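Everything numeric in this text was worked out from a predicted model, so none of it was measured. Each ligand, and each atom within it, is numbered from 1 in the order the structure gives.
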Amino acid sequence: MSEIMLACHQLRQDFSEKEVLNNLDFELHRGEFLSIVGENGVGKTTLIRIILGQLQPTHGQVQFFPSRKDLSIGYVPQFRNLDDEYPLSVRNFVALNFSGFHWPWLSHQEHQQLQRVLQETDLEQLQNEPMGRASGGEKQRAYLAQALTKQPDLLILDESTASLDPIAKETLLKLVRKLNQTTQVTVIFVTHDLPLARAYSDHYLLLQPQGYEYGEIQQLQVNDYVGGEHHV
Ligand SMILES: Nc1ncnc2c1ncn2[C@@H]1O[C@H](COP(=O)(O)OP(=O)(O)OP(=O)(O)O)[C@@H](O)[C@H]1O
């Protein structure tokens, strides 16, 4: 097994009305593709916020190897549509993730990096089209491309395929899996879509109201999961 990228030790989060994560212990290895699943409200987003350092857990800790400051994390949010009249081209939208201060003047290195991520996300042909007119799947690939501009070691897809049509979901996940296999970027995919998780992940972390399960993706049983939008 490859080296550990992060380890969660005895994580628990208490909110006024609720306790989530139930002393969660798990390790994420470099190059792994992990799906985090579980019904609404079990703490998936809370866990991601803790990993991103936005939330200090009530109990336990996340340890990064070699350290958090040596780790670049890319984040792809849930799909949100943009106005049809959104003025930026796909290319300039992706470029927003470079140092905003100098935009639109990119360094030579940033230009090369931008071309690379547009190619990796199959957006090269569309780069001069207005972002507002792109399809849902193309827009979401542009969000993925933004996250890739920072050459992340860890890519977090936070329900990024929700509200995409089945073909766009598959296209996005195929791309991410290909990147995972070719560049060894580690992936955390938060989803309610079990068939998609099964098709593309190595491991799963199932959060439940009273506990959790971690295992190889083939071991994920649909009966274990009482979820919102899942389908098989
Ligand atoms: N800042 C907060 N203050 C109080 N309660 C919170 C806060 N953040 C989350 N919660 C509660 O903690 C629980 C877990 O929330 P979280 O968003 O992590 O769940 P989730 O598994 O991501 O759900 P979903 O699948 O609906 O996105 C929920 O009951 C939520 O209302």
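Atom 17 (O) of ligand 1 has Thr45 CB, 3.6 Å as its closest protein atom, hydrogens excluded (heavy atom only). For atom 18 (O) of ligand 1, the closest non-hydrogen atom on the protein side is Thr46 OG1, 2.6 Å. Distance from atom 24 (P) of ligand 1 to its nearest protein heavy atom, with residue and atom name: Asn40 ND2, 3.6 Å. Atom 28 (C) of ligand 1 has Gly41 O, 3.9 Å as its closest protein atom, hydrogens excluded (heavy atom only).
When heavy-atom distances to ligand 1 are checked against a 4.0 Å cut-off, Glu17 has no atom that comes that close, whether in backbone or side chain. By the criterion of a heavy-atom distance under 4.0 Å, both the backbone and the side chain of Lys44 are placed next to ligand 1. Of the heavy atoms in Gln13, none comes closer than 4.0 Å to ligand 1.
Near Glu159, meaning under 4.0 Å from any of its heavy atoms, are these atoms of ligand 1: 25 (O), 27 (O). Short contacts between ligand 1 and Lys18, defined as distances under 4.0 Å to a heavy atom of the residue, involve ligand atoms 29 (O).
Side-chain contact of Gln78 with Asp158: a donor-acceptor pair under 3.5 Å is absent, judged by distance alone. Under 3.5 Å, the side chains of Lys150 and Asn97 contain no donor-acceptor pair of N or O atoms. Using a 3.5 Å distance cut-off with no hydrogens or angles, the side chains of Glu32 and His203 do pair a donor with an acceptor. No side-chain donor-acceptor contact under 3.5 Å links Glu27 and Tyr214.
For the atom pair CG of Leu157 and OG1 of Thr191, the computed distance is 9.5 Å after rounding to the nearest 0.5 Å. Between the CG atom of Leu82 and the OH atom of Tyr143 there is a distance of 4.0 Å, given to the nearest 0.5 Å.
Residue Gly38 has no nitrogen or oxygen atom sitting less than 3.5 Å from a nitrogen or oxygen atom of ligand 1, judged on distance alone. Ligand 1 has a nitrogen or oxygen under 3.5 angstrom from a nitrogen or oxygen of His192. Taking only nitrogen or oxygen atoms, main chain and side chain alike, Phe15 does not reach within less than 3.5 Å of ligand 1.
Panel note: side chain Asp193, backbone Thr161; no donor-acceptor pair is recorded below 3.5 Å. Judged by distance alone, the side chain of Arg177 and the main-chain N or O of Tyr200 form a donor-acceptor pair under 3.5 Å.
Shown here, atom 31 (O) of ligand 1 is out of close reach of the protein: none of its heavy atoms lies under 4.0 Å off.
Across all non-hydrogen atoms, the minimal contact from Arg116 to Leu148 is NH2-O, 4.4 Å.
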